[in-house]
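So the structure is just underneath, and the comments pick up after that.
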Amino acid sequence: MRIARFSLDGNVAFGAVEGDGPDGLVLDIIKGIPFADFELSGTKVPLSKVRLLPPVLPSKVVAFGRNYAEHAAELGNEVPDVPYAFLKPSTSVIGPGDAIAYPSFSQELHYEAELAVVIGRMCREVPRERVKDVILGYTCANDVTARDVQQREKQWARAKGFDTSCPLGPWVETDIDLATAGDLTIQCTVNGEQRQLGRTSQMIHSIEDMIVNATEAMTLLPGDVVLTGTPAGVGPLNVGDEVAVTVQGIGTLTNKVIKRG
């Protein structure tokens, strides 16, 4: 099931995305929330009539860096022996079609296309064999990074945590299992030109590794998001660029870069 969060006439709800093609998609409005038992209402709305929002509102985004060897190498970094985690705040999250505001304190903004894992239940100290039980589904993410700030400040809070630095969407796909999630194509285009192309099978640390690592340290809540790293090919974004992240079996997340007002 593809679960989207949307706004219609000022009201926010979740819906199951049905159909194929941009003109044939409809939302069957969900009674309740996707983190508990819910029913489909049978009330359907064309996707073209709503505004898609971030598919979840995480309390935190736990992201993992340097999880693809070629990406680590292209930035002159060593591959970490254990998962390398950092946090992005909830205020960094935006949805499909929302603008990425170029931060005033940076001169080198980069895209980073990623597979995102959406947590479905509160969890702590999750054993590997139970990881599948805490996952609601998967979505597309762009770990937008102020690269010059990251390199200058040697820590990543401002470089990766600024407002609009975590686009998510367009929806959460729940019908992907862990084995499938471990071998999906990830692509990034800027203004229609391919910049990144990789597969999640190239990840150094698996989804299980990352969730075990994160939950050893902190409790994850329903709707929290885990970013799994980016393939090689990262590069600059400029004001006016349109950046699109596509993950096989999920969809495409598109955002435009604007000047921060």
To the nearest 0.5 Å, how far apart are [atom1] in [X] and [atom2] in [Y]?
| X | Y | atom1 | atom2 | answer |
| --- | --- | --- | --- | --- |
| Ile186 | Leu184 | CD1 | CG | 7.5 Å |
| Ser7 | Leu52 | OG | CG | 10.0 Å |
| Asn238 | Asn191 | CG | CG | 9.0 Å |
| Met1 | Asp175 | CE | CG | 7.5 Å |
| Arg2 | Leu27 | CZ | CG | 9.5 Å |
| Ile119 | Leu136 | CD1 | CG | 9.0 Å |

Same hydrophobic cluster for [X] and [Y], using side-chain heavy-atom links shorter than 4.5 Å among ILVMFWY?
| X | Y | result |
| --- | --- | --- |
| Val45 | Ile30 | no |
| Val190 | Val239 | yes |
| Leu253 | Val257 | no |
| Val56 | Ile135 | no |
| Ile250 | Leu197 | no |

Do the ring planes of Tyr84 and Trp156 sit parallel (below 30°), tilted (30 to 60°) or perpendicular (above 60°)? tilted

For residues [X] and [Y], determine if any side-chain heavy atom of one lies less than 4.5 Å from a side-chain heavy atom of the other.
| X | Y | value |
| --- | --- | --- |
| Ser90 | Lys60 | no |
| Asp98 | Lys256 | no |
| Glu153 | Arg158 | yes |
| Ile207 | Ile211 | yes |
| Arg121 | Phe35 | no |
| Leu87 | Val62 | yes |
| Val144 | Pro167 | yes |
| Gln196 | Thr230 | yes |

Least distance between heavy atoms, [X] atom then [Y] atom:
| X | Y | result |
| --- | --- | --- |
| Val93 | Pro54 | CG1-CB, 3.8 Å |
| Asn67 | His205 | OD1-N, 2.8 Å |
| Cys188 | Val243 | SG-CG2, 3.7 Å |
| Phe64 | Ala85 | CE2-CB, 3.5 Å |
| Gly161 | Ser92 | O-CB, 4.0 Å |
| Leu168 | Ala141 | CD2-CB, 3.6 Å |

Determine yes or no for a side-chain-to-main-chain donor-acceptor pair under 3.5 angstrom, with [X] supplying the side chain and [Y] the backbone.
| X | Y | answer |
| --- | --- | --- |
| Thr228 | Leu115 | yes |
| Ser41 | Ile29 | yes |
| Thr215 | Val126 | yes |
| Ser106 | Pro103 | no |
| Asn255 | Gly95 | yes |
| Thr91 | Asp163 | no |

Would you say that more than 12 heavy atoms from the other residues, nucleotides or ligands in this model lie under 6.0 Å from the [atom1] of [X], or not?
| X | atom1 | result |
| --- | --- | --- |
| Gln151 | CD | yes |
| Gln107 | CD | no |
| Arg128 | CZ | yes |
| Glu129 | CD | yes |
| Glu39 | CD | no |
| Met122 | CE | no |

Is there a salt bridge (Lys or Arg N to Asp or Glu O under 4.0 Å) between Asp177 and Lys132? Walk through the geometry before answering. CA-CA 8 Å; Asp177 60 25; Lys132 64 181 184 303; over 6 Å; no

[X]/[Y] ion pair, N-O < 4.0 Å:
| X | Y | value |
| --- | --- | --- |
| Glu112 | Lys160 | yes |
| Lys88 | Asp143 | yes |
| Arg152 | Glu108 | no |

By side-chain contact (heavy atoms from CB on, under 4.5 Å) - contacts of [X] (at least two apart):
| X | value |
| --- | --- |
| Ala73 | none |
| Lys44 | Glu18, Val26, Asp28 |
| Pro46 | Ser48, Lys49 |

Under the side-chain contact (heavy atoms from CB on, under 4.5 Å) rule, what do Gln187 and Gln248 come out as? Steps first, then yes or no, please. CA-CA 9 Å; Gln187 181 184 44; Gln248 179 185 359; over 6 Å; no

Honestly, is Arg195 close enough over Tyr111, meaning NZ or CZ under 6.0 Å from the six-membered ring centre and within 45° of the axis? no

Hey, does the Lys NZ or Arg CZ of Arg260 hover above the aromatic six-ring of Tyr102, less than 6.0 Å from the centre and inside 45° of the axis?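 No - Arg260 does not lie over the ring of Tyr102 by the 6.0 Å and 45° rule.
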
Assess the side chains of [X] and [Y]: does a donor N or O sit below 3.5 Å from an acceptor N or O?
| X | Y | answer |
| --- | --- | --- |
| Gln150 | Arg147 | yes |
| Asp224 | Ser59 | yes |
| Arg199 | Thr185 | yes |

Given side-chain contact (heavy atoms from CB on, under 4.5 Å), test Ile3 with Val17 step by step and report yes or no. CA-CA 6 Å; Ile3 298 175; Val17 182; over 6 Å; no

Which is it for Thr254 and Glu242 under the side chain to side chain donor-acceptor pair (under 3.5 Å) test, yes or no, and what are the steps along the way? CA-CA 7 Å; Thr254 303; Glu242 184 176 82; 5.6 Å; no

